[in-house]
S.K.: 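Structure in structure tokens, see below.
Every number for a ligand or one of its atoms is a count from 1 in the order of the listing. Here the structure is a predicted model, which means the values were calculated and not measured.
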Amino acid sequence: MTTTEQCTKLVKKVYASFDASHDFEHIERVLATARTIAETEPTANLQTIELAVLLHDVSDAKYTTSKETEAAILAQLPLTVAERQRVQQTIAAVSYRGGHELEATTIEMKIVRDADRLDALGAIGIARAFVFGGAHGSLIYDDTEAIHTYESEAAYRKKNGAIVTHFHEKLLKLKELMTTTYGKMLAKQRHQFMVHFLQQLSAEREGKL
Ligand code: ADP
Ligand code: NI
């Protein structure tokens with residue numbers, strides 16, 4: 001069994017307990033996108049990318065309070081200390097953190113982050129936002145809610161706003177934050193699809209269309 005296969009077996013059990021916005025299907029989509037982007041970036045280390053994608057949400061702050069699961073799985077894989085550190089550093093650079101993200105300094109960080117963000121956009125991004133919102137008892141929209149920019153990651157995490165608000169606070173900003181050429185191209189198309197969806201939603205609320 002390859003290290004990636006070993007890791008896959010271990011993470012599947014963790015994602016099985018998350019809602020459908022962050023289940024193993026999310027991981028499979030991000031893996032497919034990351035592999036596609038990696039084909040356009042010949043210097044990228046594919047094993048680092050694959051392991052970082054597989055593990056990037058197992059210790060997500062929205063589902064758990066500790067980094068233990070990520071560390072425990074990494075400890076079971078046949079990696080050198082340097083390889084393990086590279087995977088951990090790549091994972092740390094993925095999260096949006098309410099606009100307080102870390103800088104993506106390596107090509108592996110850029111690829112994994114773009115691939116994860118592409119899954120927050122387009123038709124799948126809309127579906128995931130509504131699944132996440134549903135799982136947290138959020139409203140579809142709330143006209144009384146202001147669009148915030150958050151002073152810290154903690155303030156962003158505390159917020160449980162309406163789903164349409166989340167589009168404005170995060171999802172519609174991602175297009176400008178893409179780092180790879182392929183990521184930018186796909187994000188532009190998926191962004192447009194979301195803008196169209198929001199316009200349709202507004203029109204339907206007015207009893208038009
Ligand atoms: P990250 O893990 O990159 O910091 P988020 O915490 O914003 O990103 O969550 C990732 C995904 O979870 C989003 O792309 C979205 O689909 C969903 N999500 C997170 N927060 C909300 C929310 N308040 N309303 C609706 N969906 C959300
Ligand atoms: Ni993710």
S.K.: Does the Arg97 side chain pair with the main chain of Leu102, one donor and one acceptor, at a distance under 3.5 Å?
M.R.: no
S.K.: Give me the nearest non-hydrogen protein atom to atom 12 (O) of ligand 1 as residue plus atom name, then the distance to 0.1 Å.
M.R.: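 Checked against all protein heavy atoms, atom 12 (O) of ligand 1 sits closest to His22 CE1, 3.2 Å.
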S.K.: Measuring to the Ni ion (ligand 2), does Asp57 have an N/O/S atom at a distance below 2.8 Å?
M.R.: yes
S.K.: Is the side chain of Glu25 donor-acceptor paired with the backbone N or O of Ala20 at a distance under 3.5 Å, no angle test?
M.R.: no
S.K.: Near Ile140 CD1, under 6.0 Å, is it more than 12 heavy atoms from other residues, nucleotides or ligands?
M.R.: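 Incorrect, the count does not exceed 12.
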S.K.: Looking at Asp19 and Phe132, would you say the former's side chain and the latter's main chain have a donor-acceptor pair under 3.5 Å?
M.R.: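 No, because the side chain of Asp19 does not come within donor-acceptor range (under 3.5 Å) of the backbone of Phe132.
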S.K.: State whether the shortest distance between N or O atoms of Lys170 and N or O atoms of ligand 1 falls below 3.5 angstrom.
M.R.: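 Such a contact does occur with ligand 1.
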S.K.: Are any of the N or O atoms of Ser95 closer than 3.5 Å to those of ligand 1?
M.R.: yes
S.K.: Of all the non-hydrogen atoms in the protein, which one sits nearest to atom 3 (O) of ligand 1, and at what distance?
M.R.: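 The answer is Tyr96 N, 3.1 Å.
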S.K.: Is the backbone N or O of Lys13 less than 3.5 Å from a side-chain atom of Ser17, with the two atoms forming a donor-acceptor pair by type?
M.R.: no
S.K.: For atom 23 (N) of ligand 1, what is the nearest protein heavy atom, given as residue, atom name and distance?
M.R.: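 For atom 23 (N) of ligand 1, the nearest protein heavy atom is His166 ND1, 3.7 Å.
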S.K.: Report yes if some N/O of Asp116 lies less than 3.5 Å from some N/O of ligand 1; otherwise report no.
M.R.: no
S.K.: Donor-acceptor check, side chain of Glu70 to backbone of Lys67, threshold 3.5 angstrom: yes or no?
M.R.: no
S.K.: Which heavy atom of the protein is the closest neighbour of atom 14 (O) of ligand 1, given with residue, atom name and distance?
M.R.: Ala120 CB, 3.2 Å
S.K.: Can you tell me if Glu108 uses its side chain to pair, donor with acceptor, with the backbone of Thr90 under 3.5 Å?
M.R.: no
S.K.: Kindly compute the distance separating OG1 (Thr180) from CE (Met185), expressed to the nearest 0.5 Å.
M.R.: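 CE of Met185 is found 9.5 Å from OG1 of Thr180.
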S.K.: How wide is the angle at the Ni ion (ligand 2) between NE2 of His26 and NE2 of His56, to the nearest 10°?
M.R.: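 Centred on the Ni ion (ligand 2), the NE2/NE2 angle is 110° (to 10°).
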S.K.: Using the rule that Ile, Leu, Val, Met, Phe, Trp and Tyr join whenever any side-chain heavy atoms are under 4.5 Å apart, tell me whether Leu198 and Phe193 fall into a single cluster.
M.R.: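 In one cluster: yes.
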S.K.: Donor-acceptor pair, distance only, cut-off 3.5 Å: does the side chain of Tyr15 make one with the backbone of Val58?
M.R.: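 Flag set: sc Tyr15 to bb Val58 pair under 3.5 Å.
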S.K.: Among all protein heavy atoms, pick out the one at the shortest distance from atom 27 (C) of ligand 1; state its residue, atom name and that distance to 0.1 Å.
M.R.: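 For atom 27 (C) of ligand 1, the nearest protein heavy atom comes out as Phe132 CD2, 3.2 Å.
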S.K.: Below 4.0 Å, non-hydrogen atoms only: which portion of Asp60 touches ligand 1? Side chain, backbone, both or neither.
M.R.: side chain
S.K.: For atom 2 (O) of ligand 1, grab the closest protein heavy atom and report residue, atom and distance to one decimal in Å.
M.R.: Lys62 NZ, 3.0 Å
S.K.: Taking non-hydrogen atoms only, is Leu171 closer than 4.0 angstrom to ligand 1 via side chain, backbone, both or neither?
M.R.: side chain
S.K.: For atom 25 (C) of ligand 1, which protein heavy atom lies nearest, and how many Å away is it?
M.R.: Ala129 O, 3.4 Å
S.K.: Can you report which non-hydrogen protein atom sits closest to atom 6 (O) of ligand 1, along with the distance?
M.R.: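 Heavy-atom neighbour on the protein nearest atom 6 (O) of ligand 1: Arg157 NH1, 2.7 Å.
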S.K.: May I ask you to list the atoms of ligand 1 that are less than 4.0 angstrom from any heavy atom of Arg97?
M.R.: 4 (O)
S.K.: Any N/O/S atom of Asp116 sitting less than 2.8 Å from the Ni ion (ligand 2), backbone or side chain?
M.R.: yes
S.K.: Is the His56 ring parallel, tilted or perpendicular to the His26 ring (thresholds 30°, 60°)?
M.R.: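 Judged by the thresholds at 30° and 60°, the geometry between His56 and His26 is perpendicular.
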